[in-house]
Structures are given as C-alpha cells and as structure tokens.
Number of protein chains: 2
Amino acid sequence: MRYYDMKGFLTYLILWILSKKKMNGAEIAKELQKRRGTKPSPGTIYPVLKELKEKGLITAGKDKVYSLTRKGEKELMSACEFFCKTFYDMKEMFRCCR
Amino acid sequence: MRYYDMKGFLTYLILWILSKKKMNGAEIAKELQKRRGTKPSPGTIYPVLKELKEKGLITAGKDKVYSLTRKGEKELMSACEFFCKTFYDMKEMFRCCR
DNA sequence: ATAAATATATCGGTTGTCCGATACATACTT
DNA sequence: AAGTATGTATCGGACAACCGATATATTTAT
C-alpha cells in the first residue's frame, strides 16, 4: 500500500477511528460527521469498509460491528510513521490552531 | 476549497513547505523526496504549482522562486484548523512513532 | 404481523491526483 | 559559441475516492 499517494484520507481516518472503538457503518459515518463536518454518503463508506475487510484490515461479526485486525493495527502504525516522517514539523501546525 | 475531500495531500504539503522557505520547483521536489521518500515527477509538481498560482495562493518572480501570498497563508491556516479538528486526537498518533 | 425507520449494499458516473513521456527554456561548462 | 546538464512546462491517460441514486436487509414501533 502506498501512503504517499494520499488520495483520500478517508480510509486511514476510518482505521484510526476504529482503533479507538468498535463501530458499525452508521456509527462510523456519525463520527466522521463530527470530525470533518460532513457525513460521508452510504455509497462512500460501505465500499471502503468492504475494501478494508477484503484486505484483512478489519473484521466484523454478524452484527456488522467492525474492529481492527492485527494486520489493521500494523497498517495503521505504518501510516502513522509515514505521517510523522512527512510532517515531522507538524507540531507547529497543531500549535497554531488551539 | 473542500478540505474534507482530501484527495492528495500534496497540495497542502507544498503550501506547508513553502510557508517555511521560498523555493523553486526543483527544490520543492527535493524536499518532498526527503519527507515522503519519493520524488514527485515533473508532471506532478508543475501542474500543482500552476494551479496554486492561478488560485492566488503562491507567487513567483521571474526566477520561479515561489512563496506564499497572504491568501495562501490564510488557506494553509484553514487547512491546519481542519486537520486539527479531524484529528483532534492525533497527538497520540505522533507519540506512537518517536 | 405490518408498517416505518434505520442500516447496509451496489452501481454508474464524475472528478481530481498523479504519473510518464515529451518538449521547451535556462544555466553552466569548456 | 556550442554542447550539456538542469529546471520548467504541457499533454494524455490510469486509477481511485467519492457521491447520488437506488435496492435490499434489518430493526423498531404499533
């Protein structure tokens, strides 16, 4: 997986969110609404969940409550490292907005 | 401009880089190489610079050394705020990789 | 049990990022 | 001044994110 492409943060944002709490699709959508200000449409979110599941990064039981797999955790970690490297001086950025 | 789309971080990364130091296209490419590990192709970087210039976010003299305009600074600030809001708990992320 | 509301899923199409290839301009060397 | 290296620019196309619309499944209410 190539982080440097960075088309769409959504996938990683979802991984990030799921790393904190198990959720179903609708709950994820709500959480995104809260964070970004806009709610992704069903046509956006469910394909992403499907893809993440097929890649083995998340799993869900019959109740459709998703959580990260071990692989998903590693993937998220890698993404974090990439972000840290790319925005190694981002701390200033965060400082500026609080 | 819609931050929540987030297709491609490149544009904002370039704004971020230019906010710290004036550079020409080649220098920007090198800096990106350093940060991301991959160097953007000319076909990637120059169209982005052109677009940013057309939007009035950056300017350059005859020497093609780019710098942020006032508008560009504001834009970057907005982007920062968006990131902070979206990843309000990202501090943990940064902690994990150092 | 039926109806209504909510959640999940799929499909087609649009858009924008990014790249590779190519062409052009400018600066540097000898 | 000619040739070489380096920087700049443009074009076409590949690919993926995202959305809107629609269909289906599941849960909740009556």
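Letters A, B, ... are given to chains in the order of the sequence lines, protein chains preceding strands, and every chain is numbered from 1. A quick note: this is a predicted structure, and the numbers were derived from the prediction, not measured.
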Might you work through the side-chain contact (heavy atoms from CB on, under 4.5 Å) test for A:L10 and A:R36, ending with a clear yes or no? CA-CA 10 Å; A:L10 189 58; A:R36 310 186 311 178; 3.7 Å; yes

Salt bridge (charged side-chain N to carboxylate O under 4.0 Å, His left out) for B:E31 and B:K34? Distances and angles first, verdict last. CA-CA 5 Å; B:E31 177 67 22; B:K34 220 171 71 185; 3.5 Å; yes

Show your reasoning for whether side-chain contact (heavy atoms from CB on, under 4.5 Å) applies to A:F9 and A:W16. CA-CA 11 Å; A:F9 233 26; A:W16 177 252; over 6 Å; no

Can you check side-chain contact (heavy atoms from CB on, under 4.5 Å) on A:E73 and A:L15, steps first, answer last? CA-CA 8 Å; A:E73 287 170 10; A:L15 283 182; over 6 Å; no

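B:E51 places its CD atom 9 Å from the C1' atom of C:dG16, with the value rounded to the nearest Å. Look at OH on A:Y12: it is 12 Å from P on D:dC18, rounded to the nearest Å. Rounded to whole Å, the distance from CG on A:L10 to C1' on C:dG16 is 16 Å. Between the CD1 atom of A:I45 and the C1' atom of C:dT6 there is a distance of 15 Å, given to the nearest Å. Rounded to a whole Å, the NZ atom of A:K55 is 9 Å from the P atom of D:dA16. When rounded to the nearest whole Å, the span between NZ of B:K39 and C1' of D:dT8 equals 13 Å. Atoms CD (A:Q33) and P (D:dC19) sit 12 Å apart, rounded to a whole Å. In this structure, A:F9 places its CZ atom 15 Å from P of C:dT17, rounding to the nearest Å.
Under the side chain to side chain contact (heavy atoms under 4.5 Å, CB included) test applied with A:Y66, the options A:K22, A:K53, A:M23 reduce to a single match, A:K53.
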Could you go through nucleotides 24-29 of chain D and list every protein N or O atom that sits under 3.5 Å from one of its N or O atoms, giving the distance for each pair?
none

Output a table of nitrogen or oxygen pairs between the protein and nucleotides 7-13 of chain C separated by less than 3.5 Å.
{"from": "C:dT8", "atom 1": "OP2", "to": "A:G25", "atom 2": "N", "distance (Å)": "3.4"}
{"from": "C:dT8", "atom 1": "OP2", "to": "A:A26", "atom 2": "N", "distance (Å)": "2.8"}
{"from": "C:dT8", "atom 1": "OP2", "to": "A:Y46", "atom 2": "OH", "distance (Å)": "2.7"}
{"from": "C:dT8", "atom 1": "O5'", "to": "A:Y46", "atom 2": "OH", "distance (Å)": "3.4"}
{"from": "C:dT8", "atom 1": "O3'", "to": "A:K64", "atom 2": "NZ", "distance (Å)": "3.1"}
{"from": "C:dA9", "atom 1": "OP1", "to": "A:K64", "atom 2": "NZ", "distance (Å)": "2.5"}

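A donor-acceptor pair under 3.5 Å is formed between the side chain of A:T69 and the backbone N or O of A:L57. Distance alone, capped at 3.5 Å, places no donor-acceptor pair between the A:T44 side chain and the A:P40 backbone.
Aromatic rings from A:F83 and A:Y88 are positioned such that their centres are separated by 6.0 Å or more.
In terms of heavy atoms, B:L68 sits closest to B:S19 at CD1-CB, 3.6 Å.
Inter-axis angle, ends of the helix from C:dA1-D:dT30 to C:dT30-D:dA1, five pairs per end, rounded to 10 degrees: 30°.
Checked for salt-bridge contact, A:R35 and B:D89 meet the test: a charged N lies under 4.0 Å from a carboxylate O. Between B:E51 and B:K55 a salt bridge is recorded (basic side-chain N to carboxylate O distance below 4.0 Å).
With distances taken from any side-chain atom of A:S41 to the nucleotides C:dC19, D:dG20, D:dC18, the minimum falls on D:dG20.
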